[in-house]
Amino acid sequence: MRLHWHRRDLRVADNLGLAAADEPIVPVFVFDPNVLDAGAPARVSFMLDALGALRDAYRERGGDLVVARGDPVELLADLAAEYGADTVTWNRDYSGLARRRDAAVRRALEDAGVDRVTVHDAVHHEPGAITTNDGDPYKVFTYFSKKWHDRPKADPAEPPAAEELADVTGDDLPTLDDLGFAEPEADIPPAGTEPARSLLSDFCEADIYRYEERRDYPADDATSRLSPHLKYGTIGIREVYEETEAAKLDADDESERESVFEFQDQLAWREFYTQVLWDRPEVVTQNYKEYDNPIRWNDDPEGLQAWKDGETGYPIVDAGMRQLRAEAYMHNRVRMIVASFLTKDLLIDWREGYDWFREKLVDHDTANDNGGWQWAASTGTDAQPYFRIFNPMSQGERYDPDAEYIKRYVPELEGVPAETIHSWHELDIGTRNVHAPEYPAPVVDHSERREQAIEMFETARGDD
(Lines give C-alpha, C1' and ligand atoms only; values in the text may rest on other atoms or scores of the structure.)
Protein backbone atom coordinates (compact mmCIF):
# COMPACT_ATOMS: atom_id res chain seq x y z
CA MET A 1 0.00 0.00 0.00
CA ARG A 2 1.20 3.51 -0.77
CA LEU A 3 0.00 6.98 0.22
CA HIS A 4 0.16 9.75 -2.35
CA TRP A 5 0.20 13.15 -0.66
CA HIS A 6 -1.50 15.71 -2.90
CA ARG A 7 -0.45 19.35 -2.55
CA ARG A 8 -0.24 21.48 -5.70
CA ASP A 9 -1.14 18.56 -7.97
CA LEU A 10 -4.92 18.37 -7.63
CA ARG A 11 -5.50 16.03 -10.58
CA VAL A 12 -5.26 12.36 -11.50
CA ALA A 13 -4.07 12.80 -15.11
CA ASP A 14 -0.49 13.73 -16.01
CA ASN A 15 0.56 13.38 -12.38
CA LEU A 16 4.05 11.90 -12.22
CA GLY A 17 3.80 11.10 -8.52
CA LEU A 18 0.70 9.01 -9.07
CA ALA A 19 2.19 7.44 -12.20
CA ALA A 20 5.12 6.13 -10.13
CA ALA A 21 2.77 3.67 -8.42
CA ASP A 22 3.51 -0.05 -8.32
CA GLU A 23 1.09 -0.85 -5.47
CA PRO A 24 -2.43 0.26 -4.43
CA ILE A 25 -2.67 4.03 -3.88
CA VAL A 26 -4.37 5.84 -1.02
CA PRO A 27 -4.70 9.49 -2.17
CA VAL A 28 -4.37 11.95 0.74
CA PHE A 29 -4.79 15.69 1.16
CA VAL A 30 -3.84 17.43 4.41
CA PHE A 31 -5.20 20.83 5.37
CA ASP A 32 -1.98 22.18 6.84
CA PRO A 33 -2.56 25.09 9.28
CA ASN A 34 0.81 26.60 8.37
CA VAL A 35 -0.24 26.77 4.72
CA LEU A 36 -3.75 27.98 5.55
CA ASP A 37 -2.27 30.79 7.62
CA ALA A 38 -0.86 32.17 4.37
CA GLY A 39 -4.10 31.53 2.50
CA ALA A 40 -6.87 33.89 1.43
CA PRO A 41 -10.58 33.44 0.65
CA ALA A 42 -10.27 33.44 -3.15
CA ARG A 43 -7.50 30.85 -3.27
CA VAL A 44 -8.92 28.59 -0.59
CA SER A 45 -12.32 28.68 -2.32
CA PHE A 46 -10.72 27.63 -5.61
CA MET A 47 -8.70 24.94 -3.83
CA LEU A 48 -11.79 23.46 -2.20
CA ASP A 49 -13.55 23.35 -5.57
CA ALA A 50 -10.50 21.66 -7.07
CA LEU A 51 -10.42 19.13 -4.24
CA GLY A 52 -14.09 18.35 -4.85
CA ALA A 53 -13.32 17.66 -8.50
CA LEU A 54 -10.31 15.54 -7.52
CA ARG A 55 -12.40 13.52 -5.08
CA ASP A 56 -15.03 12.95 -7.80
CA ALA A 57 -12.32 11.75 -10.20
CA TYR A 58 -11.18 9.17 -7.67
CA ARG A 59 -14.72 8.06 -6.89
CA GLU A 60 -15.43 7.56 -10.59
CA ARG A 61 -12.49 5.14 -10.58
CA GLY A 62 -13.69 3.27 -7.50
CA GLY A 63 -11.38 4.99 -5.03
CA ASP A 64 -11.66 8.07 -2.83
CA LEU A 65 -9.69 11.00 -1.46
CA VAL A 66 -8.70 10.81 2.20
CA VAL A 67 -8.65 14.24 3.83
CA ALA A 68 -7.13 15.22 7.15
CA ARG A 69 -6.51 18.46 8.98
CA GLY A 70 -3.40 19.19 10.99
CA ASP A 71 0.38 19.10 10.77
CA PRO A 72 1.49 16.74 7.96
CA VAL A 73 4.70 16.06 9.87
CA GLU A 74 2.57 14.19 12.41
CA LEU A 75 -0.39 13.10 10.30
CA LEU A 76 1.31 11.36 7.39
CA ALA A 77 3.11 8.84 9.57
CA ASP A 78 -0.18 8.16 11.40
CA LEU A 79 -2.07 7.76 8.11
CA ALA A 80 0.59 5.41 6.76
CA ALA A 81 0.17 3.25 9.85
CA GLU A 82 -3.64 3.38 9.63
CA TYR A 83 -3.70 2.19 6.02
CA GLY A 84 -0.73 -0.15 6.26
CA ALA A 85 1.27 1.90 3.76
CA ASP A 86 5.01 1.37 3.57
CA THR A 87 5.67 4.33 1.24
CA VAL A 88 4.53 7.94 0.91
CA THR A 89 5.02 9.77 -2.37
CA TRP A 90 4.59 13.41 -3.27
CA ASN A 91 5.46 15.84 -6.02
CA ARG A 92 8.13 18.36 -5.14
CA ASP A 93 7.44 21.99 -4.33
CA TYR A 94 10.13 24.65 -4.42
CA SER A 95 9.33 27.49 -2.03
CA GLY A 96 11.31 27.87 1.16
CA LEU A 97 8.27 27.07 3.31
CA ALA A 98 7.49 23.94 1.29
CA ARG A 99 11.07 22.70 1.39
CA ARG A 100 11.30 23.12 5.16
CA ARG A 101 7.97 21.34 5.64
CA ASP A 102 8.94 18.49 3.32
CA ALA A 103 12.28 18.00 5.07
CA ALA A 104 10.45 17.69 8.40
CA VAL A 105 7.99 15.19 6.89
CA ARG A 106 10.85 13.10 5.51
CA ARG A 107 12.49 12.95 8.93
CA ALA A 108 9.21 11.98 10.63
CA LEU A 109 8.53 9.22 8.09
CA GLU A 110 12.06 7.92 8.39
CA ASP A 111 11.64 7.71 12.16
CA ALA A 112 8.40 5.77 11.57
CA GLY A 113 10.11 3.37 9.16
CA VAL A 114 8.13 4.58 6.13
CA ASP A 115 9.84 5.05 2.76
CA ARG A 116 9.61 8.40 0.97
CA VAL A 117 9.59 8.96 -2.77
CA THR A 118 9.52 12.52 -4.11
CA VAL A 119 8.91 13.21 -7.77
CA HIS A 120 9.69 16.09 -10.11
CA ASP A 121 6.32 17.09 -11.60
CA ALA A 122 5.29 20.77 -11.36
CA VAL A 123 7.66 22.13 -14.01
CA HIS A 124 9.23 20.67 -17.13
CA HIS A 125 12.80 21.25 -15.99
CA GLU A 126 13.50 21.07 -12.29
CA PRO A 127 15.38 23.95 -10.63
CA GLY A 128 19.09 23.37 -11.07
CA ALA A 129 18.61 21.51 -14.36
CA ILE A 130 19.14 24.60 -16.55
CA THR A 131 22.26 26.52 -15.58
CA THR A 132 25.04 28.57 -17.09
CA ASN A 133 28.06 26.78 -18.48
CA ASP A 134 29.67 27.35 -15.07
CA GLY A 135 26.78 25.61 -13.34
CA ASP A 136 25.27 28.77 -11.84
CA PRO A 137 21.56 29.68 -11.92
CA TYR A 138 20.65 32.07 -14.69
CA LYS A 139 19.94 35.68 -13.74
CA VAL A 140 18.78 36.70 -17.23
CA PHE A 141 15.67 35.13 -18.69
CA THR A 142 16.73 35.27 -22.35
CA TYR A 143 19.59 32.81 -21.85
CA PHE A 144 17.50 30.55 -19.62
CA SER A 145 14.69 30.60 -22.16
CA LYS A 146 16.88 29.48 -25.05
CA LYS A 147 17.97 26.35 -23.19
CA TRP A 148 14.44 25.77 -21.90
CA HIS A 149 13.04 25.69 -25.43
CA ASP A 150 15.87 23.49 -26.67
CA ARG A 151 15.39 20.81 -24.00
CA PRO A 152 13.00 17.93 -24.82
CA LYS A 153 9.75 17.85 -22.88
CA ALA A 154 8.29 14.71 -21.29
CA ASP A 155 4.96 13.30 -22.46
CA PRO A 156 1.90 13.47 -20.18
CA ALA A 157 1.52 10.60 -17.73
CA GLU A 158 -1.53 8.34 -17.73
CA PRO A 159 -3.97 8.52 -14.79
CA PRO A 160 -4.10 5.56 -12.42
CA ALA A 161 -6.46 2.75 -13.42
CA ALA A 162 -9.22 1.63 -11.06
CA GLU A 163 -7.26 -1.44 -9.98
CA GLU A 164 -4.34 0.77 -8.88
CA LEU A 165 -6.48 2.56 -6.28
CA ALA A 166 -7.00 1.27 -2.77
CA ASP A 167 -10.53 0.62 -1.55
CA VAL A 168 -10.91 3.47 0.92
CA THR A 169 -13.63 5.89 1.98
CA GLY A 170 -12.84 9.56 2.48
CA ASP A 171 -14.55 12.08 4.74
CA ASP A 172 -16.44 15.16 3.58
CA LEU A 173 -14.45 18.20 2.62
CA PRO A 174 -14.52 21.15 5.04
CA THR A 175 -16.22 24.40 4.07
CA LEU A 176 -14.60 27.82 3.87
CA ASP A 177 -16.20 28.63 7.21
CA ASP A 178 -14.83 25.42 8.74
CA LEU A 179 -11.35 26.54 7.71
CA GLY A 180 -11.85 30.04 9.11
CA PHE A 181 -12.31 31.94 5.85
CA ALA A 182 -15.06 34.30 4.76
CA GLU A 183 -16.68 34.03 1.37
CA PRO A 184 -14.51 35.81 -1.25
CA GLU A 185 -15.78 39.13 -2.54
CA ALA A 186 -14.83 38.09 -6.08
CA ASP A 187 -16.46 35.66 -8.47
CA ILE A 188 -14.20 32.60 -8.43
CA PRO A 189 -13.82 30.56 -11.64
CA PRO A 190 -14.66 26.84 -11.59
CA ALA A 191 -11.77 24.58 -10.61
CA GLY A 192 -10.79 21.08 -11.62
CA THR A 193 -9.27 19.31 -14.59
CA GLU A 194 -12.31 19.54 -16.85
CA PRO A 195 -12.63 23.34 -16.63
CA ALA A 196 -8.87 23.59 -17.16
CA ARG A 197 -9.00 21.36 -20.21
CA SER A 198 -11.90 23.35 -21.60
CA LEU A 199 -9.94 26.59 -21.23
CA LEU A 200 -6.87 25.03 -22.83
CA SER A 201 -8.83 23.57 -25.73
CA ASP A 202 -10.66 26.81 -26.48
CA PHE A 203 -7.43 28.79 -26.26
CA CYS A 204 -5.51 26.45 -28.56
CA GLU A 205 -8.28 26.55 -31.15
CA ALA A 206 -8.26 30.33 -31.54
CA ASP A 207 -6.58 32.86 -29.26
CA ILE A 208 -3.20 31.17 -29.14
CA TYR A 209 -2.76 32.16 -32.80
CA ARG A 210 -3.13 35.86 -31.98
CA TYR A 211 -1.46 35.68 -28.58
CA GLU A 212 1.75 37.40 -29.65
CA GLU A 213 -0.11 40.28 -31.25
CA ARG A 214 -3.00 40.76 -28.79
CA ARG A 215 -1.94 39.40 -25.39
CA ASP A 216 -1.14 42.90 -24.09
CA TYR A 217 -4.60 44.29 -24.87
CA PRO A 218 -6.79 43.57 -21.83
CA ALA A 219 -10.11 44.25 -23.57
CA ASP A 220 -9.37 41.39 -26.00
CA ASP A 221 -8.97 38.83 -23.21
CA ALA A 222 -6.72 36.86 -25.56
CA THR A 223 -4.92 34.98 -22.77
CA SER A 224 -5.44 31.40 -21.61
CA ARG A 225 -6.72 32.07 -18.05
CA LEU A 226 -4.91 28.87 -17.03
CA SER A 227 -2.88 30.51 -14.26
CA PRO A 228 -4.97 29.31 -11.27
CA HIS A 229 -5.01 25.81 -12.74
CA LEU A 230 -1.23 25.82 -13.09
CA LYS A 231 -0.96 27.18 -9.55
CA TYR A 232 -2.97 24.31 -8.06
CA GLY A 233 -2.01 21.70 -10.61
CA THR A 234 -5.53 20.91 -11.78
CA ILE A 235 -3.90 20.34 -15.16
CA GLY A 236 -0.41 18.99 -15.78
CA ILE A 237 2.26 21.12 -17.40
CA ARG A 238 3.12 18.32 -19.85
CA GLU A 239 -0.49 18.17 -21.03
CA VAL A 240 -0.50 21.94 -21.55
CA TYR A 241 2.70 21.84 -23.54
CA GLU A 242 1.53 18.89 -25.65
CA GLU A 243 -1.63 20.80 -26.61
CA THR A 244 0.38 23.88 -27.57
CA GLU A 245 2.69 21.74 -29.70
CA ALA A 246 -0.37 20.33 -31.47
CA ALA A 247 -1.59 23.89 -32.04
CA LYS A 248 1.78 24.77 -33.53
CA LEU A 249 1.45 21.90 -36.01
CA ASP A 250 -2.04 23.13 -36.95
CA ALA A 251 -0.87 26.73 -37.48
CA ASP A 252 -1.54 28.20 -40.92
CA ASP A 253 1.66 30.21 -41.21
CA GLU A 254 4.88 31.24 -39.51
CA SER A 255 3.19 34.14 -37.75
CA GLU A 256 0.79 31.77 -36.00
CA ARG A 257 3.64 29.41 -35.08
CA GLU A 258 5.55 32.34 -33.58
CA SER A 259 2.46 33.23 -31.57
CA VAL A 260 2.33 29.71 -30.11
CA PHE A 261 6.03 29.98 -29.30
CA GLU A 262 5.36 33.26 -27.47
CA PHE A 263 2.83 31.52 -25.25
CA GLN A 264 5.27 28.71 -24.57
CA ASP A 265 7.77 31.38 -23.59
CA GLN A 266 5.40 32.40 -20.81
CA LEU A 267 5.59 28.84 -19.49
CA ALA A 268 9.36 29.26 -19.50
CA TRP A 269 9.01 32.47 -17.48
CA ARG A 270 7.16 30.52 -14.79
CA GLU A 271 10.01 28.05 -14.57
CA PHE A 272 12.62 30.80 -14.58
CA TYR A 273 10.99 32.41 -11.55
CA THR A 274 10.63 29.00 -9.91
CA GLN A 275 14.39 28.57 -10.25
CA VAL A 276 14.99 32.04 -8.80
CA LEU A 277 12.85 31.19 -5.76
CA TRP A 278 14.53 27.80 -5.35
CA ASP A 279 17.99 29.40 -5.47
CA ARG A 280 17.10 32.48 -3.40
CA PRO A 281 14.11 31.67 -1.15
CA GLU A 282 14.67 34.89 0.78
CA VAL A 283 13.41 36.96 -2.18
CA VAL A 284 9.87 36.53 -0.84
CA THR A 285 10.66 39.29 1.65
CA GLN A 286 13.99 40.72 0.44
CA ASN A 287 15.17 42.51 -2.69
CA TYR A 288 16.90 40.19 -5.11
CA LYS A 289 19.08 43.01 -6.39
CA GLU A 290 21.38 44.70 -3.92
CA TYR A 291 21.79 48.47 -3.85
CA ASP A 292 24.53 50.32 -2.03
CA ASN A 293 21.99 52.05 0.20
CA PRO A 294 18.45 51.15 1.32
CA ILE A 295 15.67 52.25 -1.01
CA ARG A 296 13.70 54.91 0.86
CA TRP A 297 10.14 53.94 0.03
CA ASN A 298 7.26 56.24 0.96
CA ASP A 299 5.09 55.57 3.97
CA ASP A 300 1.77 56.59 2.40
CA PRO A 301 -1.26 54.76 3.85
CA GLU A 302 -3.74 56.97 1.99
CA GLY A 303 -2.02 56.45 -1.34
CA LEU A 304 -1.82 52.70 -0.73
CA GLN A 305 -5.53 52.56 0.09
CA ALA A 306 -6.44 54.57 -3.02
CA TRP A 307 -4.42 52.08 -5.07
CA LYS A 308 -6.12 49.09 -3.43
CA ASP A 309 -9.57 50.60 -3.96
CA GLY A 310 -8.99 51.60 -7.58
CA GLU A 311 -9.39 55.28 -6.73
CA THR A 312 -6.09 56.75 -7.95
CA GLY A 313 -7.52 58.88 -10.77
CA TYR A 314 -5.43 56.97 -13.30
CA PRO A 315 -8.06 55.01 -15.26
CA ILE A 316 -6.05 51.98 -16.42
CA VAL A 317 -4.65 51.53 -12.90
CA ASP A 318 -8.08 51.76 -11.32
CA ALA A 319 -9.60 49.38 -13.86
CA GLY A 320 -6.98 46.78 -13.01
CA MET A 321 -7.41 47.12 -9.27
CA ARG A 322 -11.17 46.84 -9.57
CA GLN A 323 -10.87 43.80 -11.82
CA LEU A 324 -8.77 42.26 -9.06
CA ARG A 325 -11.53 42.79 -6.52
CA ALA A 326 -14.29 41.61 -8.86
CA GLU A 327 -12.61 38.55 -10.36
CA ALA A 328 -9.63 37.71 -8.10
CA TYR A 329 -7.65 38.09 -11.32
CA MET A 330 -5.94 40.81 -13.33
CA HIS A 331 -4.71 40.89 -16.90
CA ASN A 332 -0.93 40.51 -17.03
CA ARG A 333 -0.15 43.77 -18.86
CA VAL A 334 -2.27 45.60 -16.32
CA ARG A 335 -0.45 43.83 -13.47
CA MET A 336 2.76 45.42 -14.73
CA ILE A 337 1.09 48.83 -14.98
CA VAL A 338 -0.38 48.79 -11.47
CA ALA A 339 2.87 47.45 -10.00
CA SER A 340 4.86 50.20 -11.68
CA PHE A 341 2.36 52.78 -10.44
CA LEU A 342 2.64 51.60 -6.84
CA THR A 343 6.44 51.52 -6.82
CA LYS A 344 7.36 54.35 -9.19
CA ASP A 345 4.44 56.81 -8.87
CA LEU A 346 3.38 56.29 -5.27
CA LEU A 347 6.95 55.24 -4.35
CA ILE A 348 5.55 52.54 -2.07
CA ASP A 349 7.47 49.37 -1.25
CA TRP A 350 6.77 46.48 -3.65
CA ARG A 351 6.13 44.21 -0.66
CA GLU A 352 2.89 46.09 0.06
CA GLY A 353 1.68 45.32 -3.44
CA TYR A 354 2.85 41.72 -3.31
CA ASP A 355 0.95 41.20 -0.06
CA TRP A 356 -2.23 42.65 -1.57
CA PHE A 357 -1.96 40.43 -4.62
CA ARG A 358 -1.39 37.44 -2.36
CA GLU A 359 -4.59 38.35 -0.50
CA LYS A 360 -6.74 38.90 -3.58
CA LEU A 361 -5.47 36.82 -6.52
CA VAL A 362 -6.94 33.40 -7.11
CA ASP A 363 -3.81 32.50 -9.07
CA HIS A 364 -1.26 33.83 -6.57
CA ASP A 365 1.96 31.91 -7.07
CA THR A 366 4.87 32.80 -4.82
CA ALA A 367 7.56 32.47 -7.48
CA ASN A 368 5.67 34.11 -10.31
CA ASP A 369 4.16 36.99 -8.33
CA ASN A 370 7.37 37.75 -6.49
CA GLY A 371 9.29 37.73 -9.74
CA GLY A 372 6.78 40.06 -11.36
CA TRP A 373 6.70 42.51 -8.49
CA GLN A 374 10.47 42.68 -8.17
CA TRP A 375 10.76 43.12 -11.95
CA ALA A 376 8.41 46.12 -11.83
CA ALA A 377 10.14 47.55 -8.76
CA SER A 378 13.62 47.30 -10.36
CA THR A 379 14.79 45.15 -7.46
CA GLY A 380 14.63 41.72 -9.09
CA THR A 381 16.54 39.53 -11.48
CA ASP A 382 16.41 40.68 -15.10
CA ALA A 383 14.40 43.64 -13.79
CA GLN A 384 13.00 46.71 -15.50
CA PRO A 385 15.78 49.36 -15.29
CA TYR A 386 14.91 51.90 -12.59
CA PHE A 387 14.94 54.79 -15.08
CA ARG A 388 12.39 53.13 -17.41
CA ILE A 389 9.11 54.00 -15.78
CA PHE A 390 5.70 53.17 -17.18
CA ASN A 391 3.53 56.20 -17.91
CA PRO A 392 0.08 54.98 -16.82
CA MET A 393 -1.73 57.30 -19.22
CA SER A 394 0.25 56.35 -22.32
CA GLN A 395 0.02 52.68 -21.31
CA GLY A 396 -3.76 53.00 -21.14
CA GLU A 397 -3.94 54.80 -24.47
CA ARG A 398 -1.69 52.26 -26.17
CA TYR A 399 -3.17 49.03 -24.83
CA ASP A 400 -6.79 50.10 -24.30
CA PRO A 401 -7.22 52.77 -27.01
CA ASP A 402 -11.03 52.70 -26.98
CA ALA A 403 -11.09 52.53 -23.17
CA GLU A 404 -13.19 49.37 -23.46
CA TYR A 405 -11.40 47.61 -20.61
CA ILE A 406 -11.40 50.76 -18.48
CA LYS A 407 -15.14 51.31 -18.89
CA ARG A 408 -15.85 47.66 -18.09
CA TYR A 409 -14.42 48.06 -14.59
CA VAL A 410 -14.77 51.80 -13.93
CA PRO A 411 -18.47 52.53 -14.51
CA GLU A 412 -18.05 56.21 -13.58
CA LEU A 413 -16.30 56.61 -16.95
CA GLU A 414 -18.76 54.57 -18.98
CA GLY A 415 -20.13 57.48 -21.03
CA VAL A 416 -16.89 59.42 -21.29
CA PRO A 417 -15.08 59.58 -24.66
CA ALA A 418 -11.87 57.54 -24.80
CA GLU A 419 -9.74 60.56 -25.63
CA THR A 420 -11.05 62.31 -22.51
CA ILE A 421 -10.30 59.28 -20.36
CA HIS A 422 -6.74 59.05 -21.68
CA SER A 423 -6.15 62.75 -20.97
CA TRP A 424 -7.76 62.69 -17.51
CA HIS A 425 -4.52 63.78 -15.86
CA GLU A 426 -4.45 66.95 -17.96
CA LEU A 427 -8.03 68.10 -17.42
CA ASP A 428 -9.06 70.90 -15.08
CA ILE A 429 -11.45 70.26 -12.22
CA GLY A 430 -14.44 71.76 -14.03
CA THR A 431 -13.98 69.56 -17.09
CA ARG A 432 -13.59 66.45 -14.95
CA ASN A 433 -16.78 67.31 -13.08
CA VAL A 434 -18.68 67.68 -16.32
CA HIS A 435 -17.62 64.27 -17.62
CA ALA A 436 -17.40 62.10 -14.48
CA PRO A 437 -18.06 63.97 -11.23
CA GLU A 438 -17.79 60.77 -9.15
CA TYR A 439 -14.41 59.73 -10.52
CA PRO A 440 -11.39 61.11 -8.60
CA ALA A 441 -8.66 63.43 -9.79
CA PRO A 442 -5.16 61.90 -10.03
CA VAL A 443 -3.69 61.35 -6.57
CA VAL A 444 -0.18 62.25 -7.78
CA ASP A 445 1.45 64.01 -10.71
CA HIS A 446 3.15 61.31 -12.79
CA SER A 447 5.86 63.59 -14.20
CA GLU A 448 6.88 64.81 -10.75
CA ARG A 449 6.85 61.33 -9.26
CA ARG A 450 8.87 59.96 -12.15
CA GLU A 451 11.70 62.35 -11.29
CA GLN A 452 11.41 61.50 -7.61
CA ALA A 453 11.57 57.79 -8.37
CA ILE A 454 14.74 58.18 -10.43
CA GLU A 455 16.29 60.27 -7.66
CA MET A 456 15.26 57.66 -5.05
CA PHE A 457 16.97 54.88 -6.99
CA GLU A 458 20.05 56.93 -7.77
CA THR A 459 20.44 57.60 -4.05
CA ALA A 460 20.09 53.89 -3.37
CA ARG A 461 22.73 53.20 -6.01
CA GLY A 462 25.09 55.64 -4.33
CA ASP A 463 25.30 57.90 -7.40
CA ASP A 464 26.74 61.32 -6.73
**Report entry** is_close_aromatic(Y94, H120), centroid dist under 6.0 Å
**Finding:** no
Query - K153, NZ: over 12 other non-hydrogen atoms inside 6.0 angstrom - result: yes
Report summary line: Only residue of D253, D250, D252 satisfying side-chain contact (heavy atoms from CB on, under 4.5 Å) with Y209 is D250
Query raised in the report: Of Y405, Y217, F390, which is the lone residue that meets ring-ring contact (aromatic ring centres under 6.0 Å, His included) with Y399?
Result: Y217
Query raised in the report: Would you say R59 has more than 12 foreign heavy atoms packed within less than 6.0 Å of its CZ?
Result: yes
Report task. For a side-chain contact (heavy atoms from CB on, under 4.5 Å) with V66, tell me which candidate from V30, V26, L3 qualifies. Result -> V26
Report summary line: Scanning both residues in full, the closest heavy-atom pair of V284 with N370 reads CA-ND2, 3.5 Å
**Report entry** Heavy-atom side-chain contact between E359 and D355 under 4.5 Å
**Finding:** no
Requested in this report: Verify the distance criterion only: is there a donor paired with an acceptor across the side chains of E327 and Y409 at less than 3.5 Å?
Outcome: yes
Query raised in the report: Would you say D365 and R270 make side-chain contact, with heavy atoms under 4.5 Å?
Result: yes
Query raised in the report: Under 3.5 Å, is there a donor-acceptor pair between the D64 and T169 side chains?
Result: no
Query raised in the report: Aromatic ring centroids of Y58 and H6 under 6.0 Å?
Result: yes
Query - Side chain proximity check, R197 to I235, heavy atoms < 4.5 angstrom - result: yes
Report task. Would you check if the side chain of R333 reaches a backbone N or O of R215 as a donor-acceptor pair within less than 3.5 Å? Result -> no
Requested in this report: Verify the distance criterion only: is there a donor paired with an acceptor across the side chains of T87 and R2 at less than 3.5 Å?
Outcome: no
**Report entry** Full working for salt bridge (Lys or Arg N to Asp or Glu O under 4.0 Å) between E404 and R408
**Finding:** CA-CA 6 Å; E404 182 181 347; R408 186 184 304 166; 3.8 Å; yes
Report task. Answer yes or no: is there a side-chain heavy-atom contact under 4.5 Å between W356 and L324? Result -> yes
Report task. Determine whether the aromatic ring centres of F341 and W307 lie less than 6.0 Å apart. Result -> no
**Report entry** Side-chain H-bond candidate by donor/acceptor type, H331 with D221, under 3.5 Å
**Finding:** no
Requested in this report: Taking atom CG of D167 as the centre, report whether more than 12 heavy atoms of other residues, nucleotides or ligands fall under 6.0 Å from it.
Outcome: no
Query - CG (D187) with more than 12 external heavy atoms under 6.0 Å - result: no
Query raised in the report: Heavy atoms, side chains only, cut-off 4.5 Å: are V44 and L176 in contact?
Result: yes
Query - Modelled atom types, side-chain donor and acceptor of S378 and Q384, under 3.5 Å - result: no
Query raised in the report: Does CD in E245 sit with more than 12 non-hydrogen atoms of other residues, nucleotides or ligands closer than 6.0 Å?
Result: yes
**Report entry** Beyond-backbone contact of L347 with D300, side-chain heavy atoms, under 4.5 angstrom
**Finding:** no
Requested in this report: May I ask you to test the R325-D309 pair for a side-chain heavy-atom distance under 4.5 Å?
Outcome: yes
Query raised in the report: If you draw a 6.0 Å radius around CZ in R151, do more than 12 non-hydrogen atoms from other residues or ligands fall strictly inside?
Result: yes
Requested in this report: Using modelled atom types only, decide if a donor and an acceptor are shared between the side chain of D121 and the backbone of G17 within a distance under 3.5 Å.
Outcome: no
Query raised in the report: Taking the inter-plane angle between the rings of F261 and H149 on a 0 to 90° scale, is it parallel (under 30°), tilted (30 to 60°) or perpendicular (over 60°)?
Result: parallel
Query raised in the report: Rounded to the nearest 0.5 Å, what separation is found between the CZ atom of R69 and the CG atom of D178?
Result: 7.0 Å
Query - E158 atom CD, over 12 foreign heavy atoms within 6.0 Å - result: no
Report task. Please tell me if the side chains of R351 and W297 come closer than 4.5 Å, counting only heavy atoms from C-beta onward. Result -> yes
Query - Residues, nucleotides or ligands: over 12 heavy atoms within 6.0 Å of D172 CG - result: no
